[in-house]
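Notes for the one structure printed next.
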Amino acid sequence: MMTIHKNKGFGVSALSFAISLALTGSLASTQAFADDQQAEVSENIEKIAVVGTRSAPRSIGDSPVPIDIISSDDLKKNGSTDMIDMLVTSVPSFNSRAQPISDAATLIRPVNLRGLPSDSTLVLVNGKRRHRASVIAFQGGGINDGAQGPDISVLPSAALKQVEVLRDGAAAQYGSDAIAGVMNFVLKDDAEGGSITVGQGEYYEGDGATTTIDANVGLPLSDAGFVNLSLQYKNADPTSRSIQRPDAANLSAQGNTFIEDPAQVWGNPEIKDDYSFFLNSGYDINDNVRLYAFGNLSSRDVVGGFYYRNPQDRDNVYSVQSEDGRNLLVGALNGDPSTCPMVPIPIVDTDGDGIPDADGNVLETDAYKAMVADPNCFAMNQLRPGGYTPQFAGTVEDTSFFAGVKGELGAWNYDFSAGMGNNKSTFSLKNSLNPSLGLDTPTDFETGAYEQAETTVNLDFSRMLTLGSVEDISFATGFEWREESFEITQGEEASWVAGPYADQGFNIGSHGFKGFGPEAAGKNSRNNIGVYADMEAYLGERWLLGAALRYEDFSTFGDTLNYKLTAQFTATDDLSFRASHSTGFRAPTVGQENVVNTQTSIVEGDLIQTFIAPPTDPLSAFYGGKVLKPEESVSYALGAVLEHENLFVTLDYYNIEVTGRIAQSSQIAVEADDYDALRAAGVEFPELISAVTYYTNDFDTTTQGIDLVASYDTQLLSGDTKFSLAYGWTDTSVDKYNPNTTDEGKVRRLEDGIPAHRATLTWAQSWDRFSMSLRGNYFGEYYATHADDTSDRGSEMADSAVTVDLELSYQFLDSLTVSIGANNLFDQEAQKLKDGTRGVLGAVYYESGPFDYNGGYYYGRVNYRF
């Protein structure tokens with residue numbers, strides 16, 4: 001944490017500080033320069049931020065826009081070592097949900113700030129734009145459906161000095177994606193010392209054991225620089241909060257001995273060999289020139305579950321539905337289906353209510369044995385007579401490197417930098433089938449990969465100006481060039497090929513996650529340039545005014561111009577008011593424009609095969625797909641800041657209108673009447689595609705909310721005490737939508753899918769060697785849904801809940817600290833599925849809950865500093 005003299009205006013100290021910095025957002029060297037100012041610090045410690053302004057760094061209380069700063073030590077007071085979980089308990093209006101069965105979203109969890117999707121928050125590291133992840137959240141729980149944001153989980157707390165969260169629209173300052181705000185992760189820049197931490201924990205139920213080792217070391221680079229290195233290594237066992245599915249239980253009761261119990265698992269995925277290495281460095285050439293570089297190398301393997309394939313009613317694998325009822329799907333090896341007629345599956349009353357129940361049918365387990373005697377016929381239950389549950393696995397590799405030079409040229413500060421980022425997700429599927437290959441199908445598949453690559457070049461200038469009677473005007477301008485690409489790598493042939501039995505009605509490709517074929521593979525790119533100007537000045541002693549203007553031009557869809565206005569009025573020494581107004585935009589990602597995927601979704605309780613295609617693909621275009629346009633936003637904010645002795649309070653209201661919002665459409669049914677027209681348009685085997693979904697600009701939203709942040713320092717129980725409160729109210733309304741692409745269930749998820757009210761109250765207490773952190777987390781009511789079904793089946797308004805986290809630490813030696821604690825100390829139970837749907841998919845709890853449905857988690861941690 002940096003400390004300087006408190007200064008409401010641009011006094012001599014702040015001016016000299018500003019001139020010594022390259023005030024264009026590169027925090028790698030900003031933080032190092034700030035360390036040189038320690039001779040001017042006061043004992044009144046304040047949190048200082050650079051994000052949100054290109055003027056002199058200032059305390060968060062003096063900022064005209066709301067900013068949260070979370071130190072590395074505060075982040076670590078949490079049982080979880082996932083950066084997402086740490087931020088959820090620290091930032092109002094920041095949310096994330098579990099992703100137990102969510103395709104690629106299981107690998108990289110999407111998040112949301114102020115009720116908007118993860119790709120509406122710009123992420124920076126040391127003030128430089130962080131590349132987005134390769135994973136697109138096809139099943140993102142409503143708000144994040146189709147979002148493609150950065151992967152912040154690769155950022156270990158051991159590498160961080162602090163996290164700065166700007167809760168205000170900032171596209172005019174930083175460019176695309178900053179509609180909800182900006183998160184800036186500041187890397188450590190110590191030139192000496194370090195730490196090693198070992199942590200272990202598991203859930204109260206005895207699963208999900210997690211081991212984490214992280215280390216940090218600062219090294220001098222002669223007398224003029226530093227190299228700071230950080231490493232985190234982690235393994236986490238899977239969890240299961242499952243019960244046996246009724247259909248699987250019925251099959252087992254009727255004598256099918258091939259059923260697993262549970263047939264389907266709901267829980268956290270297994271994470272193996274999760275490592276992340278970060279480097280941060282700086283070197284002073286002379287008093288006016290500094291070099292800097294930082295980057296990371298990260299990787300992890302993740303294995304999660306999928307939906308259970310019932311051996312009698314999974315369409316186009318085991319059976320087909322006809323006018324006469326459900327029939328076992330029988331394949332003919334000689335290519336003539338008439339020689340192997342389909343076998344009726346008996347419909348029985350499984351629950352004794354007198355009504356035949358197709359969902360709980362008894363498989364006629366001997367039906368396929370009769371066909372085996374005919375060498376010309378086969379059924380897929382010869383391979384998997386008890387059905388099967390595929391396992392989805394992936395390896396996520398993430399790398400980045402930025403380097404630059406900054407310094408002074410006369411009255412100007414400059415910063416020139418260039419960097420690259422790459423995120424690759426390689427997918428595989430285990431325990432599955434390619435039904436179109438018949439009995440010769442493999443069961444494990446390499447299904448291909450997504451890869452996101454970005455290159456960014458920045459040239460920024462800043463200085464102080466005088467215009468007429470107005471002095472100390474901070475002026476900044478700059479240029480950015482960026483190129484990004486999204487590449488799909490072809491999977492192995494067996495994962496995508498249409499085998500010899502495709503024309504007999506058997507599904508094509510590895511079932512559950514079809515591999516990427518040659519028609520899907522390829523690389524798409526775009527580039528853009530951005531030019532900005534930014535001014536900020538005090539008018540008198542009380543008014544701080546700011547304005548920013550940014551122009552961007554994209555190679556794929558044209559240009560955009562956005563602005564931002566900010567103001568702060570200092571009413572008294574203790575009280576100030578602030579306001580902002582801005583326009584913004586979010587460009588559709590290259591991935592959203594070009595991604596291809598086939599997934600299994602649940603609609604009205606039934607599994608269907610859904611094809612995700614670019615909006616201009618013949619299948620998408622047939623059902624209304626159009627070229628994507630940037631979404632546009634208009635934001636307003638009004639707030640107040642109170643600083644009185646040891647009390648600090650900020651209260652901010654915001655309103656964000658987004659038009660042409662980009663999201664994945666609902667599943668659009670592929671109708672039998674359209675098959676001939678689709679074939680004519682170039683769509684192969686349309687009869688094997690149940691539905692299509694694509695990206696669209698088809699709805700508008702308004703999100704408003706209130707953020708309250710407060711802290712109070714005092715003495716209590718003969719020790720140092722700090723109380724902190726973070727409260728957020730978020731309300732989203734869908735103002736307009738296209739019912740042909742967005743169903744009412746998705747609208748309900750967007751409006752009510754996260755709690756409208758969230759609050760965290762923390763009591764931090766410290767004595768000589770003993771410290772304690774006690775945190776209460778409040779989650780208000782929310783619209784609870786299960787899986788990716790956007791219908792009202794199994795949905796309800798969930799109750800509010802409170803969880804409690806506790807951590808106790810004792811410093812045995814000056815360099816050795818031992819901590820123990822628990823998240824969800826009292827094992828607050830998550831919302832259970834309502835009666836009638838509980839257990840239908842093998843689940844007990846809604847997966848859409850705002851806190852971990854795995855229950856209480858206890859942990860221990862040993863930290864050694866040197």
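All values below were derived from every heavy atom in this structure, side-chain atoms included, with hydrogens, water molecules and symmetry-related copies excluded.
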Going by side-chain contact (heavy atoms from CB on, under 4.5 Å), name the residues that satisfy it together with [X], two or more places apart in sequence or in a different chain.
X	value
Ala248	Gln244, Arg245, Ile259, Ala263, Tyr308
Pro238	Glu270
Asn216	Lys188, Ser195, Asn228, Ser230
Ala663	Phe699

Checking [X] now: which residues fulfil ring-ring contact (aromatic ring centres under 6.0 Å, His included) with it, not counting sequence neighbours?
X	value
Phe779	Phe851
Tyr857	Tyr203
Tyr810	Phe812
Phe770	Trp767

Do [X] and [Y] come within less than 4.5 Å of each other through their side chains, counting heavy atoms only?
X	Y	value
Lys234	Thr210	yes
Leu750	Arg661	yes
Val658	Arg586	no
Phe278	Gln232	no
Asp805	Lys77	no
Phe513	Pro390	no
Ile243	Pro262	no
Gln148	Asp177	no

(Q) Any carboxylate oxygen within less than 4.0 angstrom of a Lys/Arg side-chain nitrogen, looking at Lys832 and Asp799? (A)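 Between Asp799 and Lys832 there is no salt bridge, as every charged N stays at least 4.0 Å from the carboxylate O atoms.
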
Q) Does a salt bridge link Asp852 with Arg241, judged by any charged N lying under 4.0 Å from a carboxylate O? A)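 Salt bridge: no.
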
Check: [X] side chain, [Y] main-chain N or O, donor-acceptor pair, under 3.5 Å:
X	Y	result
Arg167	Asp707	no
Thr239	Asn268	yes
Lys746	Gln664	yes
Thr693	Ser665	yes
Asp274	Arg300	no
Arg130	Val123	no
Ser72	Leu160	yes
Ser276	Val154	yes
Ser96	Pro110	yes
Arg309	Tyr388	no

Q: Kindly write out the residues that satisfy salt bridge (Lys or Arg N to Asp or Glu O under 4.0 Å) with Asp261, not counting sequence neighbours, or none if the list is empty.
A: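 Asp261: no salt bridge (Lys or Arg N to Asp or Glu O under 4.0 Å) contacts found.
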
Find the distance between [atom1] ([X]) and [atom2] ([Y]) and round it off to the nearest 0.5 Å.
X	Y	atom1	atom2	value
Leu808	Leu774	CG	CG	9.0 Å
Tyr859	Ile820	OH	CD1	9.0 Å
Arg132	Asp151	CZ	CG	13.0 Å
Tyr307	Thr389	OH	OG1	12.0 Å

Q. Which residues pass the side-chain hydrogen bond (donor to acceptor under 3.5 Å, both in side chains) test with Thr803, sequence neighbours left out?
A.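 In terms of side-chain hydrogen bond (donor to acceptor under 3.5 Å, both in side chains), with neighbours along the sequence ignored, Thr803 is linked to Asn777.
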
Q.
Run the side-chain hydrogen bond (donor to acceptor under 3.5 Å, both in side chains) test against Asp827 and tell me which residues pass, sequence neighbours left out.
A.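 Here no residue qualifies.
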
Q: List the steps, then state whether side-chain hydrogen bond (donor to acceptor under 3.5 Å, both in side chains) holds for Asp82 with Ser153.
A: CA-CA 6 Å; Asp82 189 308; Ser153 65; 5.0 Å; no

Q.
Assess the residue pair Thr730 and Ser93 against the criterion (side-chain hydrogen bond (donor to acceptor under 3.5 Å, both in side chains)); give the C-alpha distance rounded to whole Å, side-chain angles, the decisive distance to 0.1 Å, and a yes or no.
A. CA-CA 7 Å; Thr730 306; Ser93 70; 5.3 Å; no

(Q) Before you tell me yes or no, could you show the steps for Ser809 and Ser819 under side-chain hydrogen bond (donor to acceptor under 3.5 Å, both in side chains), namely the whole-Å CA-CA distance, both residues' side-chain angles and the distance that decides it to 0.1 Å? (A) CA-CA 4 Å; Ser809 298; Ser819 304; 2.6 Å; yes

Q) Applying salt bridge (Lys or Arg N to Asp or Glu O under 4.0 Å), which residue pairs with at least one partner in residues 750-765 are found, sequence neighbours left out? A)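 For residues 750-765: Arg748-Asp752.
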
Q: Kindly check if the number of other-residue, nucleotide or ligand heavy atoms within 6.0 Å of CD (Gln828) is above 12?
A: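 More than 12 heavy atoms, drawn from other residues, nucleotides or ligands, come within 6.0 Å of this atom.
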
**Q.** Evaluation steps, ring-ring contact (aromatic ring centres under 6.0 Å, His included), between Tyr846 and Tyr853
**A.** CA-CA 8 Å; Tyr846 288 101; Tyr853 61 75; over 10 Å; no

Q: Determine, stepwise, if the pair Ser400 / Asn296 fulfils side-chain hydrogen bond (donor to acceptor under 3.5 Å, both in side chains).
A: CA-CA 5 Å; Ser400 70; Asn296 79 285; 2.5 Å; yes

Q: Please test Glu202 against Tyr858 for side chain to side chain contact (heavy atoms under 4.5 Å, CB included), starting from the C-alpha separation and ending with a verdict.
A: CA-CA 6 Å; Glu202 68 177 30; Tyr858 63 91; 2.9 Å; yes

Q.
A cation-pi test, strictly: NZ or CZ of Arg114 under 6.0 Å from the centre of the six-membered ring of Tyr654 and no more than 45 degrees from its axis. Yes or no?
A.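 Arg114 over Tyr654 ring: yes.
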
